[in-house]
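For reference, the structure is listed below as structure tokens.
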2 protein chains.
Amino acid sequence: MSYSIGDVVKKTGLSAYTLRYYEKEGLLPFVKKNASGVRAYSDEDLRWLTMIECLKDSGLQIKEIRQYIEWFNEGDSTLSQRLSLFENRRKILEKEMARLTVVMNKIRYKELLYREAIRVGNLEIATNEKRFMQLKKKLFESPDDFDK
Amino acid sequence: MSYSIGDVVKKTGLSAYTLRYYEKEGLLPFVKKNASGVRAYSDEDLRWLTMIECLKDSGLQIKEIRQYIEWFNEGDSTLSQRLSLFENRRKILEKEMARLTVVMNKIRYKELLYREAIRVGNLEIATNEKRFMQLKKKLFESPDDFDK
DNA sequence: ATAATACTTAGAGTTTACTCTAGGTGTTGA
DNA sequence: TCAACACCTAGAGTAAACTCTAAGTATTAT
């Protein structure tokens, strides 16, 4: 099966601009064109797009994705480079998730605090309630830095 | 206590460029300047920087942070807008963490796969091993989309 | 006193990942 | 056949968040 750029737009949700841009940047090095220059995407190309989306979601930049594709095309001699890439990504994602957990706690504290502030009609009163003082102390190293 | 921009650079790790940029963008509306125009940051300003960092980490854009600061300065009449902001952020962070969990599984699969590929010296052999086929099926809706 | 250092402003430049425009070619249905 | 539509390229424009430059003033250490 082969697909026009319009088909791929519908399948992937990417814009035609973006698909051409990816190609220009060296992702999708195998998209064929017919006699009049019109792109015909293969199922293989669609699988690459799935992989590109995953790598993008993991935080890779486009030039890093291009590097990965180049390694892939060089075959088994680049297995260790590709392993390194995935190891590094895993570590970065772990850090990112830890970071988000910390931020989430802070935002949840604020959400609870503002619910209470609305209940009593005043932010300062809520902030100074014992249970919020305690929560703040539990969540933050420098609790007062977080009163803004 | 008051601090020069250089002091704040050391304390926060932000560059002087960035600090001036934040001010230009309406974050830090209270930074004082001495007779010759030199910035003197207060402890209050430093607390704002802590809050700004948190909001930035939660994914807010600078103009949204400015809006929050404006609401804060308008006092208790804007409590509900601020609560909405934190609720929305919490929801977005929840989605983001769910997204990262999915990506993490895919990257971990790749990491394991490439370890095995290096062990046997060939990616295809590893990919076709029963346990990796099973893992792939467990992790992805369209397993073969993930062989790139 | 003077050199080094820190600071000021306005505005230009950078990076990333698109997103769009202009001007044109090719395909298809009534 | 001819209008509508999908496609093409090269290159310009956009948004966000910085990052830096130039030209000048102020402060501080010796």
Side-chain angles (χ1 to χ4, degrees), chain A residues 1-42 45-46 48-49 51-69 89 92 96 99 103, chain B residues 1-42 45-46 48-49 51-69 89 92 96 99 103:
Chain A
M1 267 297 278
S2 94
Y3 311 90
S4 72
I5 202 168
D7 296 335
V8 180
V9 165
K10 278 169 214 144
K11 271 178 186 287
T12 63
L14 297 169
S15 74
Y17 300 137
T18 302
L19 288 167
R20 293 195 201 98
Y21 168 68
Y22 281 179
E23 213 176 314
K24 200 163 25 175
E25 292 301 312
L27 321 183
L28 308 173
F30 302 128
V31 177
K32 297 224 167 57
K33 298 189 183 178
N34 71 16
S36 45
V38 175
R39 287 174 184 78
Y41 292 83
S42 65
D45 294 325
L46 292 182
W48 267 115
L49 281 171
M51 188 63 202
I52 287 166
E53 196 199 351
C54 173
L55 293 174
K56 225 156 52 79
D57 284 348
S58 84
L60 281 192
Q61 292 185 359
I62 277 168
K63 60 184 171 190
E64 297 170 298
I65 299 176
R66 179 179 49 221
Q67 174 67 272
Y68 173 74
I69 291 170
R89 254 326 98 180
I92 286 168
E96 178 66 5
R99 194 184 67 75
V103 174
Chain B
M1 267 298 276
S2 95
Y3 311 90
S4 73
I5 201 167
D7 295 337
V8 179
V9 165
K10 278 168 216 147
K11 271 177 187 287
T12 63
L14 298 168
S15 74
Y17 299 137
T18 302
L19 288 167
R20 293 196 200 97
Y21 167 70
Y22 281 1
E23 211 176 316
K24 198 161 28 173
E25 291 301 311
L27 320 183
L28 308 172
F30 302 128
V31 177
K32 297 224 167 57
K33 298 189 184 178
N34 71 16
S36 45
V38 175
R39 288 173 182 78
Y41 292 83
S42 65
D45 294 325
L46 292 183
W48 267 114
L49 281 170
M51 188 64 202
I52 287 166
E53 196 199 351
C54 172
L55 294 174
K56 225 155 52 81
D57 284 349
S58 84
L60 281 191
Q61 292 185 358
I62 277 168
K63 62 185 171 189
E64 297 170 298
I65 298 176
R66 179 179 49 221
Q67 174 67 270
Y68 173 74
I69 291 170
R89 254 326 97 180
I92 286 168
E96 179 65 3
R99 193 184 67 75
V103 174

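Order of the sequence lines sets the chain letters (A, B, ...), proteins ahead of strands, with each chain counted from 1. These values consider heavy atoms only, across backbone and side chains, with no hydrogens, waters or symmetry-generated copies.
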What pairs of donor and acceptor atoms, side-chain ones from residues 52-62 of chain B against any protein atom, are under 3.5 angstrom apart with sequence neighbours left out?
| residue | atom | partner | partner atom | Å |
| --- | --- | --- | --- | --- |
| Lys56(B) | NZ | Tyr22(B) | OH | 3.3 |
| Ser58(B) | OG | Leu55(B) | O | 2.8 |

Practice task
Starting at atom CG of Asp7(A), determine the distance to atom P of dC5(D), rounded to an integer number of angstrom.
Solution key: 18 Å
Practice task
Take the protein atom CD1 of Ile5(B) and the nucleotide atom P of dT19(D), then report the distance between them rounded to whole Å.
Solution key: 14 Å
Practice task
Flag the pair Leu49(B) / Asp45(B) as yes when at least one side-chain heavy-atom distance between them is below 4.5 Å, and no otherwise.
Solution key: no
Practice task
Return the residues of residues 8-29 of chain B meeting this criterion: a heavy atom under 4.0 Å from some atom of DNA chain C. Order them by number, or give none.
Solution key: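 Going residue by residue through residues 8-29 of chain B, the ones with a heavy atom under 4.0 Å of DNA chain C turn out to be Arg20(B), Lys24(B).
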Handout entry: Terminal helix-axis angle for the helix from dA1(C)-dT30(D) to dA30(C)-dT1(D), with five pairs defining each axis and rounding to 10 degrees
Key = 0°
Problem - Heavy-atom pair with the smallest gap, counting every atom of Leu27(A) and Ile69(A) - result: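 For Leu27(A) versus Ile69(A), the nearest heavy atoms are CA-CD1, 3.9 Å.
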[X]: which residues meet the salt bridge (Lys or Arg N to Asp or Glu O under 4.0 Å) condition with it, sequence neighbours left out?
| X | result |
| --- | --- |
| Arg66(B) | Glu25(B) |
| Arg39(A) | Glu23(A) |
| Glu64(B) | none |

Practice task
Anything under 4.0 Å to a heavy atom of chain B counts; send over the first and last such nucleotide of DNA chain C, read 5' to 3'.
Solution key: dC7(C) to dG11(C)
Atom pairs and distances, side-chain donor-acceptor, residues 13-20 of chain A, under 3.5 Å, sequence neighbours left out:
| residue | atom | partner | partner atom | Å |
| --- | --- | --- | --- | --- |
| Ser15(A) | OG | Tyr17(A) | N | 3.4 |
| Ser15(A) | OG | Thr18(A) | N | 3.0 |
| Ser15(A) | OG | Thr18(A) | OG1 | 2.8 |

Fill in the blank from the handout: B/S/- along nucleotides 22-30 of chain D (protein heavy atoms under 4.0 Å) is ----SS---
Problem - side chain to side chain donor-acceptor pair (under 3.5 Å) partners of residues 2-12 of chain A, not counting sequence neighbours, each pair once - result: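 Pairs touching residues 2-12 of chain A that pass the test: Tyr3(A)-Asp43(A), Ser4(A)-Asp7(A).
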